[in-house]
Amino acid sequence: MLLRGVNVGGRNMIRMPVLTELLEGLGCTDVVTYLQSGNAVVTSPLRPAGLEAAVREALVQTGLDVRVMVRTARDLDAVVAANPFPDAETKLLHVAFLSGDPVAVPEATPPEAVVAGPARSLYVHYANGVHGSKLALSDKKLGVAATARNWRTVLALQSLLRGTGQTPTAEKPPST
C-alpha cells in the first residue's frame, strides 16, 4: 500500500505507529511500514479497491486527505519482472503507481524515458537525476492520480511482501 504525499516537506504528517493502528483497525494483519514514507505491507481480507477506499476514508477521519494506491504481491512482482531499465541506478529509476489507466503517457526528452508497465504503472528513468528534470508526471497530464517510488523502495516493498525478511529500514511496531 502506498500513500501519496505523506511526510514530505512537513505536510500530511502521519507517524507510522498511527498508520499501523489505523490499518489494524480496518482488519489488516501482518502490518509492516517502510521508513516514514506511508508505504505499508499488510494482509487484508478486502480486495485492493475496497482496501484503498477504506484506508482513504479512515485517513480522512484523522484529517489526512491523501490518495491511497494498493498493489498486491503479484502486481509488485510483475512490476519488478518487467523492468525495462535493468541496468539503471536505483536512485534514477522510479515507478509511478497510477490510480487507473492513464489518458496519455508523457513523452520524455532523451536521455530520460517513460515506459508503461503492468499493474497500472509507469517506469520513469531520470538519466541525469530527478532534480532538474523537465519531465512532469502530473495528474492533469496523466488523467489519473499517481504516486512514485524509487527502485530501491520498490525492491524493499517486494522483499517485505515476499516475507524474505525485513530490510534494515523497515519498521514493525512491538506487539502489545
(message) Within a 6.0 Å radius of atom CD on Gln61, are there more than 12 heavy atoms belonging to other residues, nucleotides or ligands?
(response) yes

(message) Do Glu24 and Thr29 make a side-chain contact, defined as non-hydrogen atoms from C-beta onward lying under 4.5 Å apart?
(response) no

(request) Run the salt-bridge test on Asp139 and Arg4 with the 4.0 Å N-O cut-off and return the result as yes or no. (result) yes

(request) Evaluate the side-chain proximity of Val42 to Asp30: yes if any heavy-atom separation is below 4.5 Å, no if none is. (result) no

(request) Kindly work out whether a path of hydrophobic side-chain contacts (I/L/V/M/F/W/Y, heavy atoms less than 4.5 Å apart) joins Met1 to Val18. (result) yes

(message) For the backbone of Ala145 and the side chain of Ser99, can you confirm whether one donor and one acceptor N or O come within less than 3.5 Å of each other?
(response) yes

(request) Determine whether Leu157 and Val41 make a side-chain contact, defined as any pair of heavy atoms from C-beta on separated by less than 4.5 Å. (result) yes

(message) I want to check something: taking the side chain as every heavy atom from C-beta on, are Trp151 and His94 in contact at a cut-off of under 4.5 Å?
(response) no

(request) Find the distance between CG (Leu51) and OG1 (Thr72) and round it off to the nearest 0.5 Å. (result) 11.5 Å

(message) Please evaluate residues Val154 and Leu76 with respect to the criterion side chain to side chain contact (heavy atoms under 4.5 Å, CB included), reporting the C-alpha separation (whole Å), side-chain torsions for both, the decisive distance (0.1 Å), and the verdict.
(response) CA-CA 8 Å; Val154 170; Leu76 205 55; 4.1 Å; yes

(request) Starting from the C-alpha separation in whole Å, work towards a yes-or-no answer on side chain to side chain contact (heavy atoms under 4.5 Å, CB included) for Thr147 and Arg67. (result) CA-CA 8 Å; Thr147 187; Arg67 292 301 302 246; over 6 Å; no

(message) If you compare all heavy atoms of Lys134 against all heavy atoms of Glu112, which two are closest, and at what distance to 0.1 Å?
(response) N-OE1, 4.4 Å

(message) Rounded at 0.5 Å granularity, tell me how far CG in Leu160 sits from CG in Leu155.
(response) 11.0 Å

(request) Mind running side chain to side chain contact (heavy atoms under 4.5 Å, CB included) on His125 and Val115 for me, showing each step along the way? (result) CA-CA 9 Å; His125 184 232; Val115 176; over 6 Å; no

(message) Please give me the minimum heavy-atom distance between Val79 and Pro118, naming the atom from each residue.
(response) CG2-O, 3.6 Å

(message) How long is the straight-line distance from CD of Glu107 back to NZ of Lys141, given to the nearest 0.5 Å?
(response) 10.5 Å

(request) Kindly work out whether a path of hydrophobic side-chain contacts (I/L/V/M/F/W/Y, heavy atoms less than 4.5 Å apart) joins Val32 to Met69. (result) yes

(request) For residues Ser133 and Asn128, determine if any side-chain heavy atom of one lies less than 4.5 Å from a side-chain heavy atom of the other. (result) no

(request) Supply the atom-to-atom distance Asn39 CG to Thr33 OG1, rounded to the nearest 0.5 angstrom. (result) 9.0 Å

(message) Please check this pair: side chain of Thr20 against backbone of Met16, looking for a donor-acceptor N/O pair closer than 3.5 Å.
(response) yes

(message) Students often mix this up, so state it plainly: with edges at 30° and 60°, are the rings of Tyr123 and Phe85 parallel, tilted or perpendicular?
(response) perpendicular

(request) Flag the pair Asn12 / Asp65 as yes when at least one side-chain heavy-atom distance between them is below 4.5 Å, and no otherwise. (result) no

(request) Report yes if some heavy atom in the side chain of Thr43 is under 4.5 Å from a heavy atom in the side chain of Cys28; otherwise report no. (result) no

(message) To check you understand the geometry: which heavy-atom pair defines the closest contact between Glu52 and Val70, and what is its length?
(response) OE2-N, 2.8 Å

(message) Minimum heavy-atom separation for Leu19 and Gly38, please, with both atom names.
(response) CD2-CA, 4.3 Å

(request) Measure the CG-CZ distance between Leu2 and Phe97 for me, rounded to the nearest 0.5 Å. (result) 5.5 Å

(message) Let me check something: do Val114 and Val95 share a hydrophobic cluster, defined by ILVMFWY side-chain heavy atoms less than 4.5 Å apart, either directly or through other members?
(response) no

(request) Salt-bridge test for Asp75 and Arg120: reply yes if a basic N is under 4.0 Å from a carboxylate O, no otherwise. (result) no

(message) Under 4.5 Å between side-chain heavy atoms, counting indirect links through other Ile/Leu/Val/Met/Phe/Trp/Tyr residues: same cluster for Leu35 and Leu93 or not?
(response) yes

(message) Quick check: closest heavy atoms across Ala146 and Leu98, and the distance to 0.1 Å?
(response) CB-CD2, 3.5 Å

(message) Please find the pair of heavy atoms, one from Arg71 and one from Ala119, that lie closest to each other, and give the distance.
(response) NE-O, 2.9 Å

(request) Begin from the C-alpha positions of Val6 and Leu64 and carry the test side chain to side chain contact (heavy atoms under 4.5 Å, CB included) through to its verdict. (result) CA-CA 9 Å; Val6 299; Leu64 191 61; 4.2 Å; yes

(message) Can you confirm whether Ser44 sits close enough to Leu26 that some side-chain heavy atom of one is under 4.5 Å from a side-chain heavy atom of the other?
(response) no

(request) Indicate if Leu46 and Leu59 have the same hydrophobic cluster label, given that clusters are the connected sets of ILVMFWY residues with side-chain heavy-atom separations under 4.5 angstrom. (result) yes

